[in-house]
Amino acid sequence: MRFKWQKTKLLGINITPLIDVIFQLLIFFAVATTFDKFSGMKLELPGSHQKADKDANNINISVDKNGNIYFETNLVNLDELGDMIKEIVNVKREIPLVLRADRSIPHGLVVEIMDIAKQSGIRRISIATKTIEE
């Protein structure tokens, strides 16, 4: 008895559903991820028991432990700070300012920055803190 061997086609793996799932995961992680523009600055904020309100529509000024002043993410000095604030206040009248100062800097520098902000037309100033869990 003689058997006849038939050549069978090798079945390939269909990776289309795998690619669909990978793209959906990629989109999910891209949408779910938040980016903190202040993550590069090492600040140890003072603590508070109050929760902070998140508002993206404000001016952010940061002062690190070395006394370097950052307007948003740009390094500035006190002389430039007033002019930069005035430019934004001329466009957006009622914009609040959030001051993020390291807890080790002198209180006088914080007061000086607040004074410059008030003279530049800022009416609302907040000081950023980290939340203390009880």
Side-chain angles (χ1 to χ4, degrees):
M1 190 185 256
R2 205 165 178 202
F3 291 103
K4 189 174 185 184
W5 292 95
Q6 291 183 355
K7 290 185 180 181
T8 59
K9 290 184 181 179
L10 294 175
L11 297 177
I13 298 174
N14 188 3
I15 63 167
T16 304
L18 177 67
I19 293 172
D20 289 343
V21 170
I22 289 173
F23 277 121
Q24 286 181 356
L25 286 172
L26 180 67
I27 292 170
F28 170 76
F29 286 122
V31 172
T33 303
T34 58
F35 298 100
D36 186 11
K37 64 182 174 180
F38 300 110
S39 63
M41 292 181 222
K42 301 294 181 198
L43 297 177
E44 187 175 338
L45 298 174
S48 173
H49 292 286
Q50 299 293 326
K51 297 262 186 207
D53 293 333
K54 299 276 185 181
D55 186 10
N57 191 23
N58 51 26
I59 298 173
N60 294 290
I61 297 177
S62 303
V63 184
D64 65 9
K65 64 181 175 183
N66 298 324
N68 297 323
I69 302 168
Y70 296 90
F71 183 82
E72 297 299 335
T73 55
N74 303 322
L75 183 64
V76 297
N77 59 31
L78 283 175
D79 299 329
E80 300 171 325
L81 188 61
D83 294 332
M84 295 178 91
I85 294 172
K86 283 179 186 176
E87 287 178 19
I88 293 180
V89 169
N90 287 339
V91 176
K92 300 178 183 178
R93 297 275 182 219
E94 295 295 323
I95 189 165
L97 182 136
V98 176
L99 180 57
R100 300 167 35 90
D102 192 274
R103 67 185 301 168
S104 64
I105 66 161
H107 185 70
L109 181 58
V110 173
V111 172
E112 194 172 350
I113 291 171
M114 291 171 69
D115 188 42
I116 289 171
K118 285 287 189 181
Q119 290 174 357
S120 300
I122 296 291
R123 295 192 177 145
R124 294 187 322 174
I125 298 176
S126 300
I127 296 177
T129 59
K130 64 180 177 183
T131 305
I132 298 175
E133 300 297 327
E134 294 185 30

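Applying the side chain to side chain contact (heavy atoms under 4.5 Å, CB included) rule to Phe28 yields the partners Ala32; only residues at least two apart in sequence or on another chain are considered. Applying the side chain to side chain contact (heavy atoms under 4.5 Å, CB included) test to Leu26 and every residue at least two apart in sequence or in another chain returns Phe23. Asp83 is linked by a side-chain hydrogen bond (donor to acceptor under 3.5 Å, both in side chains) to nothing, counting only residues two or more places apart in sequence or in another chain. Here Asn90 pairs with Arg93 under the side chain to side chain contact (heavy atoms under 4.5 Å, CB included) rule; sequence neighbours left out. Partners of Asn14 under the side chain to side chain contact (heavy atoms under 4.5 Å, CB included) rule, at least two apart in sequence or in another chain, are Thr16, Pro17.
Under a hydrophobic-cluster definition in which Ile, Leu, Val, Met, Phe, Trp and Tyr are linked whenever side-chain heavy atoms come within less than 4.5 Å, directly or via other members, Val91 and Leu97 are assigned to different clusters.
When hydrophobic residues (I, L, V, M, F, W, Y) are linked wherever their side-chain heavy atoms come within less than 4.5 Å, the members clustered with Val31 are Ile27.
For Asn66 (side chain) and Asn68 (main-chain N/O), no donor-acceptor pair under 3.5 Å exists by modelled atom type.
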Evaluate side chain to side chain contact (heavy atoms under 4.5 Å, CB included) for Tyr70 paired with Asn60, printing each intermediate quantity in order.
CA-CA 8 Å; Tyr70 296 90; Asn60 294 290; over 6 Å; no
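Side-chain contact between Ile122 and Ile95 is present, with at least one heavy-atom pair separated by less than 4.5 Å.
Surrounding CG of Leu25 are more than 12 heavy atoms belonging to other residues, nucleotides or ligands, all under 6.0 Å away.
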Could you pull out all donor-acceptor pairs under 3.5 Å where a side-chain atom in residues 112-120 meets a protein atom, sequence neighbours excluded?
from	atom 1	to	atom 2	distance (Å)
Asp115	OD2	Gln119	NE2	3.4
Lys118	NZ	Arg123	O	3.3
Ser120	OG	Gly82	O	3.3
Ser120	OG	Ile116	O	2.8

